[in-house]
Amino acid sequence: MTTYKSLALRGIGAGLVAGVASALVQLLVTEIPIRAALAVEEAREPAAGEGHSHGEEELVSRGAQVVGGMLGVIIVGIAVGLVFATAYALSKRWFVDRTPFSRSLALGAAVFGAVALLPWLKYPANPPAVGDPETVNYRTALYLGVVVAGLVIVWGASWLAERLQAQSQPVRVTAVLLAVVAAVAVVLLAFPAPPDTIPADMPVAVLWQFRLSSLAQLATLYVGLGVVFGLLIDPAARRTKAAAKAAVA
Amino acid sequence: MTSPAANLSAVQVPKWAFAVALLGLIVTYLVLQENGLALGAGSEMLHEFFHDGRHALGVPCH
């Protein structure tokens, strides 16, 4: 794996696999609370008329939204895979003493933490029927702000680990962990609280089933990307059984 | 064993790699965020089509 092109192609392949896996989680898991939330939304239909159309005069049918949603996740998987491969190719200090598989897995886990888990903790995902259309741009800005902050933390942790190269490994790891925890705490405290209230007609069970499904799906996408990309780029993963036996002997 | 560090420095990242990465970010934006800023009228269709995916990936929506 010595050319950018070979890495990029594997990033696309890994993104496709992770995207399909995440889309299947969506179909089988996340769609259940989404259906429940849409039922809540439909129950208030007479009072409706605001922006979003799930009801009669819908722009896209429900069936198309289910398929489109899955397709969207797969497209995002491929696009993120491409960005991931580029970041991997550029990373000159990210766990340089590890195997390509370990590096990829660690990068996938870090990206999950930065662009999925951290925003999920601060601004938990909301199903349909929650969210004021008036505040969507504000909420989007806050969400993207946390994503950027998360990526800066990952980059900073990698930078700090390199700066502390002279320290012993336990000291280095402890220092980096403390710095990450402190930075995450600052982000969680500094960003304003989510602006929307949860409507009274949204059952808490549906809300949290949706949020956990969403988190599972994000983990599938990003950690899956790290695993599959690692498998595709690590020569050790393609070692034949004969070679493995020879290596053991 | 191969030396991972040696593998690393061997990767040459061409300038167009940044364009490729940018393309990836733009596609992600179009699928997850397009609210009419970039595509205007066509965006509502796109927005509704990818609706479930956007919710499921935790992106703020309506």
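Keep in mind it's a predicted model, so treat the numbers as computed, not measured. Sequence lines set the chain letters: A, B, ... in the order given, protein chains first and strands last, and positions in each chain run from 1. The analysis underlying the following values was restricted to heavy atoms, covering all of them including side chains, and did not include hydrogens, waters or symmetry mates.
- Only the backbone of A/D132 comes within less than 4.5 Å of a heavy atom of chain B; no side-chain atom from C-beta onward does.
- Nearest heavy-atom pair across A/V83 and B/A21 is CG2-O, 3.5 Å.
- Atom CD of residue A/Q217 and atom NE2 of residue B/H55 lie 12.5 Å apart, to the nearest 0.5 angstrom.
- Judged by distance alone, with hydrogens and angles left aside, the side-chain atoms of A/Q65 form a donor-acceptor pair with the main-chain N or O of B/E48 at under 3.5 Å.
- Of the atoms belonging to A/V25, not a single heavy atom falls under 4.5 Å from chain B.
- Considering only heavy-atom pairs separated by less than 4.5 Å from chain B, the leading option among A/M70, A/R211, A/E134, A/Q26 is A/Q26.
- Taking all atoms of both residues into account, the shortest heavy-atom contact from A/Y4 to B/P14 is CB-CD, 3.4 Å.
- The distance from atom CH2 of B/W16 to atom NZ of A/K5, rounded to the nearest 0.5 Å, is 7.0 Å.
- Considering every non-hydrogen atom in both A/A79 and B/T28, the closest pair reads CB-OG1, 3.5 Å.
- Interface remark: A/F210 contributes side-chain atoms only to the contact with chain B (heavy atom separation under 4.5 Å).
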Let's go through B/F50 and A/V76 carefully: what are the C-alpha distance in whole Å and the side-chain angles of both, what is the deciding distance for side chain to side chain contact (heavy atoms under 4.5 Å, CB included) to 0.1 Å, and is it a yes or a no? CA-CA 11 Å; B/F50 292 132; A/V76 167; over 6 Å; no
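- Side-chain contact between A/L90 and B/F18: present, with at least one pair of heavy atoms (C-beta onward) separated by less than 4.5 Å.
- Counting only distance, with no hydrogens or angles, the side chain of A/S214 and the backbone of B/A56 share a donor-acceptor pair below 3.5 Å.
- The part of A/T30 that comes within reach of chain B is its side chain, from C-beta onward, which places non-hydrogen atoms under 4.5 angstrom from that chain.
- Among A/L144, A/L82, A/L218, the residue making the largest number of heavy-atom pairs under 4.5 Å with chain B is A/L218.
- Closest approach of A/V73 to B/G53, counting heavy atoms only: CG2-CA, 4.0 Å.
- Listed options B/L23, B/D52, B/L57 were ranked by heavy-atom pairs under 4.5 angstrom with chain A; first place goes to B/D52.
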